[in-house]
Amino acid sequence: MSTMESKKKRSILERLNAGEVIVGDGGYVLQLERRGYVKAGHWTPEAAVEHPEAVRQLHREFLRAGANVLQTFTFYCSDDKLEISGNVTNITGTQINEAACNLAREVANEGDALVAGCVSKTPCYQKNRSETEVKAIFKKQMDNFLKKDIDFFIVEFVDCVEEAVWAVEVLKTSGKPVGATLCISPHGDMQGIPPGECAVRLVKAGADIVGVNCHLDPLTCIRTVKLMKEGLEKAGLKAHLMIQPLGFHTPECNFGGYISLPEFPFALETRAMTRWDIHKYAREAYNAGIRYIGGCCGFEPYHIRAVAEELAAERGFLPPASEKHGLWGAALEMHTKPWVRARARREYWENLLPASGRPRCPSMATPADDYD
């Protein structure tokens, strides 16, 4: 067996327990909406069946950028969500889940990557809070994933820890490792439960990896994960830490996250993180003790490459995509213009305060949160 094949067989927990840095992938739904394959609103993932080449290409770009994990494109893929969306009438959740698993596995096998089967919050929970019904939805998705032998599970984009706990309890019956990420702010979940307590509940339910994803920007999410870490330490519990934030600046740090910002979802480009912002994020996440570091909505492949480049020394290698990227602008040394050549240095990019080019626009907005 080759060294590469041997490494592929190591589980996510074996890698994390060995102290490895895991680089996650980035955002799919926003990126595929921009490319014309996802319909905004309900953001359902039928593209895995309708346009597999688009999903496959994005997987491949994240892998090339340095991702160790490819998540199945199964966001909002419960049958109740698909029915409410009205986006598909002739494709089932099972078909989407299985097609998404096939795509992720196909590309993961092109490199040293694992496949994570992903479940997210359900309309059923928001409607009636029925533990029996919600758990049945998660079990159906789990069974779909197990047919395809995914490597581990991720619970993501859940804003109430109660629902996430139910998901973890179901997924743990599979015998596979389970990661659980909440889309919460430092203020806590939508029911006011603090991040530290959320983490404790997830670990007691069986989660092996806990953290946050989506809704807010990287540095804000790091603050939240630090609070989760503190809660676990006070409770005498241990778990690996994970973070997959937005690729957008959200200094408002509002309770409901970016969906409450006036720019959501069609004018977020002005808030996009630069690759240099992501270098800072990756370093601060690592210094906070987080070892699973990726991204969510707004994170493009070049952002994931920035994570991989910032942590190249810790990981022991650069990603394939760095072959076409001079570190800290080094490729600009060959530019014909002297003022551009002068930018071929780390100090320039680390200290740049980029202009928006929009003189009449504010730097912050008033969120439309209505959760109180």
Side-chain angles (χ1 to χ4, degrees), residues 20-28 30-31 34 57-71 107 111-113 181 211-223 225 241-251 258 268-333 335 340 343-356:
E20 293 183 27
V21 176
I22 301 299
V23 175
D25 54 7
Y28 286 85
L30 281 187
Q31 186 71 271
R34 290 173 174 178
Q57 178 61 27
L58 193 49
H59 278 317
R60 191 164 283 140
E61 290 176 25
F62 285 129
L63 179 71
R64 178 173 166 78
N68 295 111
V69 173
L70 297 180
Q71 297 183 206
V107 177
D112 181 25
T181 54
V212 297
N213 84 295
C214 208
H215 264 207
L216 291 164
D217 63 37
L219 299 187
T220 301
C221 286
I222 290 174
R223 286 171 51 200
V225 177
L241 301 176
M242 175 177 179
I243 186 168
Q244 300 212 106
L246 289 180
F248 304 112
H249 291 278
T250 59
Y258 80 136
L268 288 164
E269 288 83 356
T270 58
R271 291 175 174 264
M273 310 287 289
T274 70
R275 65 194 70 191
W276 316 118
D277 292 326
I278 301 304
H279 273 268
K280 180 178 180 180
Y281 150 64
R283 181 54 54 192
E284 294 204 16
Y286 182 87
N287 290 343
I290 304 168
R291 292 296 178 267
Y292 189 130
I293 304 171
C296 198
C297 297
F299 257 74
E300 299 187 32
Y302 75 94
H303 291 122
I304 296 303
R305 180 180 63 189
V307 173
E309 289 183 345
E310 176 61 32
L311 299 175
E314 288 78 7
R315 299 176 81 207
F317 60 92
L318 285 167
S322 293
E323 297 171 4
K324 296 292 185 179
H325 185 240
L327 299 182
W328 293 103
L332 299 180
E333 292 175 351
H335 202 278
V340 177
R343 299 171 189 165
R345 54 195 175 92
R346 178 171 183 162
E347 182 183 12
Y348 176 84
W349 296 110
E350 278 191 321
N351 294 295
L352 178 68
L353 296 176
S356 70

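The SG atom of C297 lies 4.0 Å from the CG atom of L30; values are rounded to the nearest 0.5 Å. To the nearest 0.5 Å, atoms CD (E300) and CG (L58) are separated by 9.0 Å. Between the CD1 atom of I293 and the CD1 atom of I243 there is a distance of 8.0 Å, given to the nearest 0.5 Å. We find the CG-CG distance between D112 and L63 to be 9.0 Å, quoted to the nearest 0.5 Å. Note that NE2 of H59 is 6.0 Å distant from CG of L70, once rounded to the nearest 0.5 Å.
Scanning for side-chain contact (heavy atoms from CB on, under 4.5 Å) contacts around C296 gives N213, C214, with sequence neighbours left out. Taking the side-chain hydrogen bond (donor to acceptor under 3.5 Å, both in side chains) definition, one finds that Q57 meets it with E61, sequence neighbours left out. In this structure H279 satisfies the ring-ring contact (aromatic ring centres under 6.0 Å, His included) test together with W276, W328, sequence neighbours excluded. Contacts of R291 classified as side-chain hydrogen bond (donor to acceptor under 3.5 Å, both in side chains), with partners at least two apart in sequence or in another chain: none. Annotation: salt bridge (Lys or Arg N to Asp or Glu O under 4.0 Å) contacts of R271 (sequence neighbours excluded): E252, E263. By the side-chain contact (heavy atoms from CB on, under 4.5 Å) test, L332 pairs with V340, R343, A344, W349, sequence neighbours left out. Scanning for ring-ring contact (aromatic ring centres under 6.0 Å, His included) contacts around Y258 gives F264, with sequence neighbours left out. Residues forming a side-chain contact (heavy atoms from CB on, under 4.5 Å) with E284 (at least two apart in sequence, or on another chain): L219, I222, K280. In terms of the side-chain hydrogen bond (donor to acceptor under 3.5 Å, both in side chains) criterion, R64 has no residue partners (sequence neighbours excluded). For the ring-ring contact (aromatic ring centres under 6.0 Å, His included) test, residues two or more places apart in sequence or in another chain that qualify with F299 are Y281, H303.
Ring centers of H325 and Y302: at least 6.0 Å apart, outside the cut-off.
Nearest heavy-atom pair, A113 versus A67, reported as atom, atom and distance to 0.1 Å: CB-O, 4.1 Å. Residues P245 and G294 approach most closely at CD-O, 3.3 Å, considering heavy atoms.
Remark: the backbone N or O of L216 is not paired with any side-chain donor or acceptor of T250 at under 3.5 angstrom. In terms of modelled atom types and a separation under 3.5 Å, the side chain of D25 and the main chain of Q71 share a donor-acceptor contact.
Looking only at side-chain heavy atoms (C-beta outward), Q31 and P301 come within less than 4.5 Å of each other. Side-chain contact check for E269 versus F248: every heavy-atom pair is 4.5 Å or farther apart. A 4.5 Å side-chain heavy-atom check between L246 and C221 finds every atom pair outside the cut-off.
In the model, D277 has a side-chain atom that pairs as donor or acceptor with a side-chain atom of H249 under 3.5 Å.
The only member of V23, V21, N68, V69 that meets side-chain contact (heavy atoms from CB on, under 4.5 Å) when paired with Y292 is V69.
Sorted by first then second residue, the salt bridge (charged side-chain N to carboxylate O under 4.0 Å, His left out) pairs that include residues 346-356, not counting sequence neighbours, are R345-E347, R346-E350. The salt bridge (charged side-chain N to carboxylate O under 4.0 Å, His left out) analysis of residues 304-317, with sequence neighbours excluded, yields the pairs R283-E310, R283-E314.
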